[in-house]
Amino acid sequence: MDDLTILGEMRADAPEPDAVRLRRLRRRVMRRRRRFMIMPSVLVAAVAVVVAAVSMAERPPAVRTLPAVETVLLNSKTVLEKAAKTVERRADAPEPRPDQWQYTKTLNVQPADGRTATHESWLRYDGKQTAGRDVEGNFRVQDVPPDPGDDDLSPQQYRQKLLKLPTDPDKLLAHVQGDRHWVDYPKEEGVPKSVEDPDTRAYRILSLYLQQQAVMPPELEAAIFRAMAKIPGVEIEQGVTDATGRTGLGLFRSTIGEETQRRYLILDPRTYRVMADQSIWLGDELFKGEVVFRKGSVFADVWLESGIVDKPGDVP
């Protein structure tokens with residue numbers, strides 16, 4: 001049983017729509033019989049876990065341990081306000097042309113044995129084509145058949161979705177507390193619908209927005225940080241290390257009761273851009289009486305590089 005299967009079964013009743021979405025993407029991959037990397041949406045973090053397993057040669061298993069770094073709990077409201085002021089000073093980036101490409105390079109780490117895979121992808125901004133290397137290492141470009149649905153937005157379409165969001169923090173928070181973004185799928189493969197409280201939903205959706213590779217207006221990004229500061233339980237640790245050894249600010253939401261796992265968005269301490277989406281096990285986790293993830297295990301998607309290029313194969 002692979003790590004994703006274990007995680008899916010263990011979290012079947014938890015408010016984690018990403019697992020459901022990954023299953024949908026896997027079926028789409030098999031249906032289209034693609035032989036190389038698939039990138040049907042801008043959710044690079046979620047899709048990279050799938051395509052890395054089918055299109056990239058993995059390194060030999062090696063237990064991954066993070067270096068011991070002393071973390072310090074910071075005042076989250078102060079840090080998030082500083083983040084908002086920093087990002088709103090950025091110039092609004094020009095929107096890419098429809099025929100330009102979004103390049104992304106990520107590292108995925110699996111929790112059971114520390115297995116890693118590095119993944120490069122190119123997605124045309126209008127979503128009509130994707131590019132990558134097949135299992136033999138050959139670089140190929142392929143058309144993407146249209147698939148209706150909010151979970152298959154192109155970067156261009158996703159930017160239009162972002163532009164419709166309110167930039168007042170209170171209005172944005174109210175909006176996402178009631179948003180059903182990637183959560184209300186019909187029951188399939190034995191996975192029930194997720195039920196979230198408004199604050200949990202708001203934190204999840206705002207976190208998803210911060211991870212998008214679409215061009216985001218600075219005033220909206222600032223509003224996201226200010227809205228997050230209003231959600232109970234949101235905390236920030238200084239000195240959190242990602243799976244590549246970079247140290248940043250660990251944004252997370254604490255839970256009530258014993259915490260066996262902590263999921264961080266690791267932010268660059270200067271730019272406040274997301275460096276990694278990383279979970280660390282704070283204690284052994286059992287599944288059907290067996291230890292499946294030991295204390296210190298890491299499950300991560302780390303953004304190594306991204307940017308807009310003119311043609312597939314180019315890097316920023």
Side-chain angles (χ1 to χ4, degrees), residues 3 44-46 48-49 52 59 62-90 103-120 203-204 206-213 216 218 221-222 224-226 228-229 231 233-255 259-283 293-307 315-316:
D3 294 348
V44 177
V49 178
R59 303 172 186 173
V63 176
R64 175 170 293 270
T65 58
L66 298 179
V69 177
E70 183 178 355
T71 59
V72 178
L73 194 63
L74 302 176
N75 184 308
S76 60
K77 294 185 184 299
T78 300
V79 175
L80 290 171
E81 179 58 29
K82 183 178 180 181
K85 289 180 177 178
T86 299
V87 301
E88 68 185 355
R89 287 196 296 265
R90 293 181 191 144
Y103 167 79
T104 307
K105 183 177 182 180
T106 58
L107 172 74
N108 172 252
V109 182
Q110 292 295 305
D113 54 14
R115 189 182 297 268
T116 65
T118 301
H119 170 70
E120 290 183 289
Y203 179 76
R204 176 179 59 80
L206 292 175
S207 296
L208 287 173
Y209 288 153
L210 285 179
Q211 296 178 64
Q212 300 314 307
Q213 300 301 307
M216 181 181 292
E221 192 171 359
I224 290 174
F225 284 123
R226 290 185 172 120
M228 277 189 157
I231 300 174
V234 171
E235 299 188 61
I236 292 181
E237 287 183 7
Q238 183 181 40
V240 177
T241 304
D242 74 11
T244 67
R246 300 176 300 182
T247 300
L249 300 171
L251 174 67
F252 68 100
R253 186 164 185 257
S254 59
T255 57
E259 190 177 27
T260 59
Q261 179 192 147
R262 180 168 295 174
R263 183 174 181 177
Y264 292 102
L265 280 187
I266 303 179
L267 308 177
D268 185 295
R270 296 179 298 103
T271 65
Y272 298 95
R273 296 191 186 280
V274 176
M275 294 165 35
D277 181 354
Q278 182 167 287
S279 294
I280 299 177
W281 272 256
L282 306 178
F293 302 124
R294 296 197 175 279
K295 179 180 179 180
S297 296
V298 177
F299 186 34
D301 285 303
V302 183
W303 284 263
L304 302 177
E305 192 173 0
S306 66
V315 296

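All figures in this text were calculated on a predicted structure; none of them were measured in a lab.
In this structure, Leu208 and Arg204 have side chains that are in contact, with non-hydrogen atoms separated by less than 4.5 Å. Here the side chains of Arg263 and Phe252 are not in contact, with every heavy-atom distance at 4.5 Å or above. Contact check for Asp277 versus Leu265: side-chain heavy atoms found under the 4.5 Å cut-off. The shortest side-chain heavy-atom distance between Glu221 and Glu88 does not fall under the 4.5 Å cut-off. Considering only heavy atoms from C-beta on, His119 stays 4.5 Å or farther from Asn108 through its side chain.
Taking the six-membered ring for Trp and thresholds of 30 and 60 degrees, Tyr272 and Phe225 have ring planes more than 60 degrees apart, a perpendicular arrangement.
Heavy-atom minimum distance, Pro111 versus Phe299: CD-CD1, 3.5 Å. Nearest approach of Met228 to Ser207, heavy atoms of both residues: CE-OG, 3.4 Å. Taking all atoms of both residues into account, the shortest heavy-atom contact from Ala243 to Ala300 is CB-CB, 4.4 Å. Of all heavy-atom pairs between Arg246 and Met275, the closest is NH2-O, 3.4 Å.
The environment of CZ in Arg294 is sparse: at most 12 heavy-atom neighbours from other residues, nucleotides or ligands sit within 6.0 Å.
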Practice prompt. List the steps, then state whether salt bridge (charged side-chain N to carboxylate O under 4.0 Å, His left out) holds for Glu235 with Arg262.
Written response: CA-CA 11 Å; Glu235 299 188 61; Arg262 180 168 295 174; over 6 Å; no
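The only option from Leu249, Ile224, Asn75, Ile236 that meets the side chain to side chain contact (heavy atoms under 4.5 Å, CB included) definition with Leu80 turns out to be Ile236.
If you take NZ on Lys105 and CD on Glu305, they are separated by 7.0 Å, rounding to the nearest 0.5 Å. Rounding to the nearest 0.5 Å places OG1 of Thr86 at 11.0 Å from CG of Leu267.
Partners of Arg253 under the salt bridge (charged side-chain N to carboxylate O under 4.0 Å, His left out) rule, at least two apart in sequence or in another chain, do not exist in this structure. Partners of Ser279 under the side chain to side chain donor-acceptor pair (under 3.5 Å) rule, at least two apart in sequence or in another chain, are Gln261.
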